[in-house]
Structure formats: C-alpha cells, structure tokens
There are 2 protein chains.
Amino acid sequence: MSEWKLNNYISVDCVVFGFDFEQLKVLLVDRVLKDEKTGNELFSDLTLTGNHIYEHESLEDAAARILFDLTGLENIYLKQFAAFCDPDRLKRPNDQAWLRASGRDPNSRIISVGYYSLLATKNVTLKWKGRNVKWYPVSEIKDLAFDHYNILQSALVALRRELLYEPIGFELLPEKFTLSQLQKVYEVILGVNLDKRNFRKKVARMKYLIPLDEKQKGVAHKPARLYMFSREVYEKTRKEVLDFNI
Amino acid sequence: MSEWKLNNYISVDCVVFGFDFEQLKVLLVDRVLKDEKTGNELFSDLTLTGNHIYEHESLEDAAARILFDLTGLENIYLKQFAAFCDPDRLKRPNDQAWLRASGRDPNSRIISVGYYSLLATKNVTLKWKGRNVKWYPVSEIKDLAFDHYNILQSALVALRRELLYEPIGFELLPEKFTLSQLQKVYEVILGVNLDKRNFRKKVARMKYLIPLDEKQKGVAHKPARLYMFSREVYEKTRKEVLDFNI
DNA sequence: GCAAAAGTGTTACCGCTACACCCATGG
DNA sequence: CCATGGGTGTAGCGGTAACACTTTTGC
C-alpha cells in the first residue's frame, strides 16, 4: 500500500459555500462525458468538488487539500457534516457510464464524507485540474450528478443549524465587513427578514464583533463602519448555551 | 461481490446510550485476546458495539441491525453524528494484535461511521454473539479500544447539542415517565442543576408532552403523574427556532 | 409519624419585537 | 439635489431565574 496512492473506497465531497453580498452560492464542476470514438457529447451535468483520500491522509486533510487546489486558500472554515454511503448512490445511468469511462469499477461501494466550507466569493480565483469550476446560486440548483444534490441539501441543513448556534456568519465575508453585510448572510441563509435595529442590538452584545475605526470607501451612500471577528475575545467570553427546549 | 458479504472497509460503530434514572450509561463489549498456543490472556479491554456493513446495506440499516442484535429492539432513536477515518485509528499495539488474531489486515484503512442511540436501560436484555455486553456509566470510562474513546466523546458532544435543541430527552425513558425523571435526563447529560418549578413551566408550554390520568405505583412518596410524548402533536405545533446567536 | 419526592406561584429582570426618521456619500 | 443605504431609541411583552412550603404515599 503506497501512501501516495488514492484509496478506492473512501472519498470526500466539499460543499464550498460562497457569498457575494447577495446570494448564497456553491462551487460546482462541469462533468462532460464524450463518446470515446465519435467525440460527441453524451451528457453534461454538474458535481460538487471532491476526491478520494490518499492512503496516508485524514478526511479533514483531504477536504483541505481539495479546497486548496480549488482556491489556493488555506485555513478556510471547514466542517464535516455527514457520511453518504447509500448502496445506490452511484447507480444512475450517467454515473455508471462516467465511472466506467474513467476506469473505475461502477459496482464498488464508495463512501463519501461531506464537508462544507465557507468563504467570500470576492477575490477568489478558481481553478481545478483544468476543469470548469464556477459559482452557482444555491437557490437555482435543481439536480446534480451522483447523489450530490442530496449531499448539498444535507449541507444546507447543517449550515443553517450551525449558523443559528455558532458565530460563523462572518466566515462568508471578507475579514472586514459591515453589519448590513452580516445581516444579509443571516437573512439569505435562514430565509427570513431581520430588523436592522434589533440585529445591531444583538451584535452589540457579542463583544467578539469588534467595531473598527475604518469605513467603507467608494460607495454611493453614507459609508458603513467596518467590523471584524476576534476569535480571542470569543474564546474568552463564550458561555455555554443553556436555553434548551424540552 | 456477494450482497451478503461484509464490506472490508466500511464499518459502523454504535454508541448506545442508556439511562437508569440516575446516570447516563453506554453499552460496551469485552474484548479479550488470548495467546493462541497457551490460552493465556494477553489483554482485556472494552469496545463500543459495531460491525462492518454488508455490501447491500445502508449505514443506517447496519446501525439498526447492530442495535437489534444487541437488544432485540426496533425503532430505537438513532442518529449519525460523525465519520472516523484517522490513518492511525487502529494502529495501537493491542488493536493491531486483535486485528491480526481475527484474520484481518492490520494495515487496511477502515472508515467507521458513528451512530448514537438512546434507550431506557430498564427491561432491556442484552446479548451479542456470545460476547459480554454491559452498561457502563459514561462518567467512569477512561479509555477504550481502537479510537472508541474518541468516538464516545464525540457522541457525547453531539448528544448534548441535540438535547439542547430537539425534544429527545424522553427517548432515554420508558414510554410513560414522570417530569422528575425527564428533568434528571437534562441535568445528567447537560451537567447542570435545574429548578423544578421552572422546568415544569417549560414543559407546560410544550404541548407534545401529554399528561396522563395515571400515576406512579409502589413508590414510598407521593406518586408522580405520568407523561408521554406525542409525535403527532409535536409535528403539528413545531415552529422554527429563530433565536440565533450571531 | 417520618422519610421521600411531588407539586405549586410570585417577583424582578432581561432580551425580543415592532416601529420611523435623519445622515453621509457619490453621481 | 437626489438616490442609496447607514445609523439610531423606546415601549410592551414574554420568558427566565430565584426562591419555600404543603401534599401524598410506603413503611
């Protein structure tokens, strides 16, 4: 067993969420299968970004590697949310053809562990193995290759829940952000409208959201104050939630 | 690939939590390795309950099967909480010896998906493949075989979080239970003391906790009213939580 | 009758909700 | 000067936290 050999049975799929101050987006890759002889396109659809793990590699390392190969970024927010191993998850005709064409056993049982990650789409340059990677609005996605639509929906549920209980909204924004941008993150992902004044009162209680002596520039309206997240303050002031529902 | 063959690379570990009205417990199995020639015991320790999946079987089905084989019970609360696949997770000397002795490749990469389940220890009869299965208090567990201590801690974190946000406490109790028993579930798992009157006020708001015209019997104090959970009422009256932290 | 747990109400405080107007900037 | 989003305060309500005594049963 070479350490630098890919494991045939264990893969990681990354649901890379991005935010452009307007919509929640996700990174998807074109999958185009062409007829070996004629070169005609047999089908074209979209997949999440993912890969098999190396024999020496942890799941988390594999997810971070995929993210790095895609974006060149490190230390991105990354969270395991579920494992997918349904016996039929790769059995649709297109998927079977794709596996055969890429020299893999279409009958082998492959488990995929799902990670989602959060980043601001701004200033991210995408490339991946010469394949076509693009941001797609989550709300417009109808179906994906393999069981990736299922994985995406599952990631969304996990993200919403995490967003309700942990301070992660700013992971979808640049390092310095405005409160309106942060509010929009919550509105888009939770699918609600929030009151600006109440939202700001809440932020004011969260001491780890630090107001900077710095303002937006070049906007055609009153420039907003910038904030940043302080993990140090967060770690010091976090207290356990105890407001449970029975 | 026979459908009834165990998959060599994918396993499921069940963290079976139980509650005896006093403590949170977990089901563990003796693992005893004896010298092939002399019959002397080489070591003895404890593992979670788990098994490889069958080639035709989903992860959830495998977890339910393990639970059924252990307890004879079906429709037990069961929740996937994480996947474990660290390259070194089976590399400790005892684990390597165990794998070799049971005819498995000690170097193969095995992923394990963790499920936790909740039940009342009362009236559960345990048996498993002739091996010794017992309830152990979670608070007294120091180490386990393989990476099972890690898996257990991870299950605990997931359980606490779930208990805060979803009505699952009664899954650790008999069908009919008293409010003091339910309160004790929360106190033990969350590690807090709760005020009896405030707890009951909260329960009163949860319409899916139905008071019965039935009381405890044979207790040496004022007998308590029994309650049960109504999933039907819960589904109808649930509303989305929106009390997020930023 | 005594030990043990069941059951019950009030007050103070805090956070949530709802709601409308003026301000600073770019074009 | 106009369009655009930034930024601010108050009042009512509902849930949380703190707190002590009486009741019912088995033995």
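Here is the naming used below: chain letters follow the sequence lines, and residue numbers restart at 1 for every chain.
- If you check C/dG26, C/dA6, C/dT17 against the side chain of B/K222, the one that comes closest is C/dA6.
- Checked by distance alone, B/K201 brings no side-chain donor or acceptor within 3.5 Å of a matching partner on the base of C/dT8.
- Among the atoms of the strands shown, base atoms are found under 4.0 Å from some heavy atom of B/K196.
- For B/E162 against A/R161, the heavy-atom pair with the smallest separation is OE1-NH1, 3.0 Å.
- Contact check on B/E175 versus B/K122 returns no salt bridge, with no Lys/Arg side-chain nitrogen under 4.0 Å from an Asp/Glu carboxylate oxygen.
- Taking every heavy atom of both residues into account, B/T178 and B/A224 meet most closely at CG2-CB, 3.7 Å.
- If you look at B/F244 and A/Y186, their ring centroids are closer than 6.0 Å.
- Atom-to-atom, CG of B/L182 to P of C/dA6 comes out at 12 Å; the value is rounded to the nearest Å.
- Using a 4.0 Å heavy-atom distance criterion, A/R200 is classed as a base contact.
- Summarising the geometry, the separation between CG on B/L179 and C1' on C/dA5 is reported as 13 Å, rounded to the nearest angstrom.
- Mapped onto DNA chain C by nearest heavy atom, B/N198 and A/D195 fall at different nucleotides, with B/N198 at the one closer to the 5' end.
- Ring centroid separation for the pair A/F81 and A/Y115 does not come in under the 6.0 Å cut-off.
- Contacts between chain B and DNA chain D, taken as any atom within less than 4.0 angstrom of a protein heavy atom, begin and end at D/dG15 to D/dG26.
- Salt bridge annotation for A/D20-A/K25: present, with a cationic side-chain nitrogen under 4.0 angstrom from a carboxylate oxygen.
- We find that CZ of A/R205 is positioned 11 Å from P of C/dT17, with the value rounded to whole Å.
- The interatomic distance linking B/Y227 (OH) with C/dA6 (C1') rounds to 11 Å, in whole Å.
- Nucleotides of DNA chain D nearest to A/R197 and A/S180 differ in position, and the one nearer the 5' end is that of A/S180.
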